[in-house]
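The first residue of the sequence shown is numbered 1, and numbering continues consecutively from there. The structure presented is a predicted model; accordingly, all values stated were derived computationally and were not measured.
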Amino acid sequence: MILVLRALGLGDLATAVPALRGLRAAFPEHEIALAAPRWLAPLLPLTGAVDRHVPVAGLEPTRWAIPERPALAVNLHGRGPQSHRLLATAGAPRMWAWALPGEPGPVWRADEHEVHRWCRLLAGYGVPTDPGDLDLRAPGGAGPSGVTIVHPGAKAPRRRWPAERFAAVARELAARGHHVVVTGSLAERNLAARVATAAGLGTSAVLAGDTDLGELAALVSRARLVVAGDTGIGHLATAYRIPSVLLFGPVPPRLWGPPPDRPWHRALHPSAEGDLVDGVDVRLAAVGVSDVLTAARAAQAARPRRAAPGGRARR
């Protein structure tokens with residue numbers, strides 16, 4: 001067994017998929033066990049790279065729910081030392097991880113895209129990866145198709161584009177014939193309802209709190225367009241090659257954004273001086289409604305023509 005630690009969120013899991021697939025290909029005879037939060041479980045089979053889920057709560061001490069001592073532990077979580085120490089308690093004789101200061105091994109770089117960071121770590125141990133291998137398998141089951149998803153929430157307040165601007169975008173897209181739905185977590189249901197009401201959408205358009213992660217992935221995989229901030233649903237749009245407009249601030253898309261060679265994903269991050277405007281990052285505050293609508297038209301025009309099996313789209 002190979003035990004991999006990635007005890008973070010949706011976007012973190014999505015950006016680690018190429019590294020996980022590199023491990024899967026390099027060790028076909030080993031079981032790949034991923035230590036990740038319990039709520040991410042519906043997404044793990046869609047990676048095609050994880051055989052076992054080991055639920056963990058961040059970096060809190062844990063009694064590892066694994067049947068045997070792993071042959072190798074791989075830290076895809078952080079640069080250490082806390083994540084190193086937690087993974088070491090699993091008892092693997094070897095650990096692949098970023099070197100701590102003064103120690104030999106691959107060296108962490110702060111200014112590096114998250115996908116390339118973990119691919120480079122594995123390259124340091126001789127494992128090849130494909131940073132562009134970001135697609136997820138399409139979930140099964142029935143569900144709505146062709147909706148436009150507006151997702152106004154984000155974990156940090158400074159990364160939330162103003163709700164009234166999301167509403168203006170949703171209203172205009174609906175006027176152009178889009179079937180708009182508003183998504184989010186249960187905690188974001190009031191925010192989603194405000195956006196839907198201000199946009200003139202019916203209550204049935206509010207899906208915040210009504211979908212688990214697997215259902216959200218299914219919704220995105222069949223969507224027409226995704227409009228969101230720098231948050232997990234944007235990574236699902238990338239994974240399913242669905243046209244998207246993603247609003248970044250303060251973290252630039254060169255560190256967490258979609259691949260720059262995919263014109264159907266538009267990452268907006270204007271140059272602006274300052275810190276916060278009404279609690280929102282100044283770069284995010286500089287994005288106007290017309291900017292998003294223009295980007296939405298361009299993203300849809302560049303959409304790949306058809307989807308291949310498993311969610312991969314081709315031109």
For the side chain of [X] and the backbone of [Y], is there at least one donor-acceptor N/O pair under 3.5 Å apart?
X: R21; Y: D133; result: yes
X: R24; Y: F27; result: yes
X: R165; Y: V292; result: no
X: E103; Y: A99; result: no
X: T47; Y: L44; result: yes

Rounded to the nearest 0.5 Å, how far does [atom2] of [Y] lie from [atom1] of [X]?
X: H113; Y: C119; atom1: NE2; atom2: SG; value: 10.5 Å
X: L268; Y: D230; atom1: CG; atom2: CG; value: 12.0 Å
X: R159; Y: L247; atom1: CZ; atom2: CG; value: 12.0 Å
X: D51; Y: H30; atom1: CG; atom2: NE2; value: 11.5 Å
X: R109; Y: L121; atom1: CZ; atom2: CG; value: 11.5 Å
X: L3; Y: E31; atom1: CG; atom2: CD; value: 10.0 Å

SB check R241 D135 (cutoff 4.0 Å): yes

Please tabulate, for side-chain N and O atoms in residues 68-76, each donor-acceptor pair with protein atoms closer than 3.5 Å (sequence neighbours left out).
residue	atom	partner	partner atom	Å
E68	OE2	M1	N	3.4
R69	NE	G91	O	3.4
N75	OD1	H77	N	2.8
N75	OD1	G78	N	3.3
N75	ND2	S83	OG	2.9
N75	ND2	H84	ND1	2.8

Minimum heavy-atom distance V56-A35, with the two atoms named: CG2-C, 3.7 Å

Closest non-hydrogen atom pair, W39 against L8: CZ2-O, 4.5 Å

Evaluation steps, side chain to side chain contact (heavy atoms under 4.5 Å, CB included), between H235 and D12: CA-CA 9 Å; H235 294 280; D12 305 277; over 6 Å; no

Ring geometry between H269 and F248 (parallel below 30°, tilted from 30 to 60°, perpendicular above 60°): perpendicular

Residues which pass ring-ring contact (aromatic ring centres under 6.0 Å, His included) with Y125, listed by chain and number, not counting sequence neighbours: W96

Flag for T89-W64: side-chain donor and acceptor within less than 3.5 Å: yes

Side-chain heavy atoms nearer than 4.5 Å, only ILVMFWY residues, links allowed to pass through others: does that put [X] and [Y] together?
X: V181; Y: L236; answer: yes
X: V169; Y: L246; answer: no
X: I149; Y: V182; answer: no
X: L213; Y: V54; answer: no
X: L284; Y: V195; answer: yes

Matching residue for L13 among L34, L46, L136 - test: side-chain contact (heavy atoms from CB on, under 4.5 Å): L34

Qualifying residue, where the test is side-chain contact (heavy atoms from CB on, under 4.5 Å) with L216 and the options are L43, L207, I233: I233

Members sharing V282's hydrophobic cluster (side chains within less than 4.5 Å): V277

Verdict with reasoning, L225 to W264, per side chain to side chain contact (heavy atoms under 4.5 Å, CB included): CA-CA 10 Å; L225 173 70; W264 56 90; over 6 Å; no

